[in-house]
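Here's the structure, in structure tokens; my notes come after.
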2 protein chains.
Amino acid sequence: MTRETPSKTRKPKRGQTREALMAAALDLVVKKAPFSSLSLREVTKRAGVVPTAFYRHFSDMSALGLTLLDESFRTLRQMMRQVRQEQRPDENMLRGSVETYFNYVGENRAHFLFVAKELFGGTPTMRNAIRREIRMFTNELAMDMARFPFLNHFSSEDLQMMAALVVNNVTALTQEMLELEENDEFGQQQVLIAAEKQLRLIFLGVTQWKSSSPATS
Amino acid sequence: MTRETPSKTRKPKRGQTREALMAAALDLVVKKAPFSSLSLREVTKRAGVVPTAFYRHFSDMSALGLTLLDESFRTLRQMMRQVRQEQRPDENMLRGSVETYFNYVGENRAHFLFVAKELFGGTPTMRNAIRREIRMFTNELAMDMARFPFLNHFSSEDLQMMAALVVNNVTALTQEMLELEENDEFGQQQVLIAAEKQLRLIFLGVTQWKSSSPATS
DNA sequence: TTTTTTAGTGAACAGGTGTTGACAAAAAGG
DNA sequence: CCTTTTTGTCAACACCTGTTCACTAAAAAA
């Protein structure tokens, strides 16, 4: 027979602790420091558990980081698929894609901030994982471009170069967007307009491009 | 006339330790972690002094960081001046500028790595300082562009947008360059070639650009 | 039910952290 | 020379870090 002393320390936390840890880490990244400089105890404190509970779910902080990274890119890929489905090769394609993308950024600030801060500040493992993912996006964009009739005469190196140009800029603009306050709708609109203009200019250059240097081989 | 000023400004060789601290911090940033996650003791240890000696030169780590940032941008601005001086508006202008710039990046890896890692991972103070500097470069580039006859009919907004496009890409390519091993000369050459192509494509777009949206009046 | 596996707690450790204060050597100023 | 200011050292503090161990409540399996 267990003597029910009314209110001692409650323990029933059940299996949502893992998600609480991930949410806590993301939260701290948003309003404090890059993930790399978070401490295990800090995260567990914010998640409302004792430090040792951490080890029931992750082997160490870097494991948590990789899980978070995976989560970030899973949702991002899912959005890219959506952008691609909506994509019709007409006038408004560019504007639509840009809007969809930056809307998504706005709705997933935490994940994007996490990735942006790790892109250079993280461990080599993290950095490589992120860069691999970005390279993948670049490749897919290059392949998408190759399907357009007025682009498919370019060499794959040129297409790759053009795709990289686009991705570089979108990345930079995303970072710019993330530096803005969450409620700075005017600033966000400005970035969006700038993004559209810059991409339009790039595609203007693409239509004029002729591969003058055969390069390697 | 140029005699020793017998003034009260005493500055014999006061600086050995101070510079050792800065060098140590930079060194740790290169081969370990972002500056934000360095500890005071770590830096003093590498500099070969006792922790308390630190306070004779800097009030805290963030003061060291800002000094380092200042140093980085002072040398960078100096190089930009050099690029601008060499700049003649002819065919080889772009290639020459790109080469000069990336050469400089290679010779100052430590400073660029420091800046790159703080650009997103640093404290708000640091981030703002860096972004202000980048914005300054963008403005100067826009002003340089305005001096070209075939560009001076663009609105200053358009010029600003184009300059931002260039700066965004150079920044991204610089980061790409920094991710390479210091002795990976092939990879570095590849980045340089890509950089030149991308910038050429951008300027191709610029020549075709016409400001369709008058935007804000 | 009983048994086993999972997921939480709390105390304790060895070590790293920023910062303090008192003190000493060395350089600068007279 | 002597005095003052600068610049380093050493010891100590209170705190935070990751990680271990033994223990227990709750959930799952039997």
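Chain naming here is simple, since letters A, B, ... match the order of the sequence lines and numbering starts at 1 in each.
Under the 30°/60° scheme for interplanar angles, the aromatic rings of A/F73 and A/F137 are found to be tilted.
Checked for salt-bridge contact, A/D158 and B/K197 meet the test: a charged N lies under 4.0 Å from a carboxylate O. Between B/R46 and B/E42 there is no salt bridge, since none of the side-chain N atoms of the basic residue sits less than 4.0 Å from a carboxylate O of the acidic one. Ion pairing of A/E176 with B/R131 is absent here, as no side-chain N (NZ or NE/NH1/NH2) approaches a carboxylate O to less than 4.0 Å.
Side-chain contact between B/M162 and A/L201 is present, with at least one heavy-atom pair separated by less than 4.5 Å.
Between the P atom of C/dG18 and the CE atom of B/M61 lies a distance of 7 Å, rounded to the nearest Å. In this structure, CG of A/D60 is placed 16 Å from P of D/dT17, rounded to the nearest angstrom. Residue B/L38 contributes atom CG, which lies 16 Å from atom P of C/dG16 at whole-angstrom precision. Look at CZ on B/F54: it is 18 Å from C1' on D/dT6, rounded to the nearest Å. Rounded to whole Å, atom P of C/dG18 lies 5 Å from atom CG of B/L40. Summarising the geometry, the separation between CZ on A/R56 and C1' on D/dT19 is reported as 13 Å, rounded to the nearest angstrom. In this structure, B/F58 atom CZ and C/dT19 atom P are separated by 14 Å, rounded to whole Å.
Centroid-to-centroid, the aromatic rings of A/F114 and A/F35 come within less than 6.0 Å.
At the phosphate of D/dT17, OP1 or OP2 sits under 4.0 Å from a side-chain N or O atom of A/S39. Residue A/H57 places at least one side-chain N or O under 4.0 Å from the OP1 or OP2 atom of C/dG8.
Among residues at least two apart or in separate chains, salt bridge (Lys or Arg N to Asp or Glu O under 4.0 Å) pairs with a member in residues 109-130 of chain B are A/E179-B/R127.
Within the helix from C/dG15-D/dC16 to C/dG30-D/dC1, the inter-axis angle between the opening and closing five-pair segments is 0°, rounded to 10°.
Of the residues in residues 41-52 of chain B, those with a non-hydrogen atom less than 4.0 angstrom from any atom of DNA chain D are B/R41, B/V49, B/V50, B/T52.
Taking both residues in full, the closest heavy atoms of B/A25 and B/L64 are given as CB-CD1, 4.1 Å, listed atom of the first, atom of the second, then distance. The two residues B/V43 and B/A24 have their closest heavy-atom pair at O-CB, 3.7 Å.
Checked against C/dG8, D/dG8, D/dG18, the side chain of A/A53 finds its nearest nucleotide in C/dG8.
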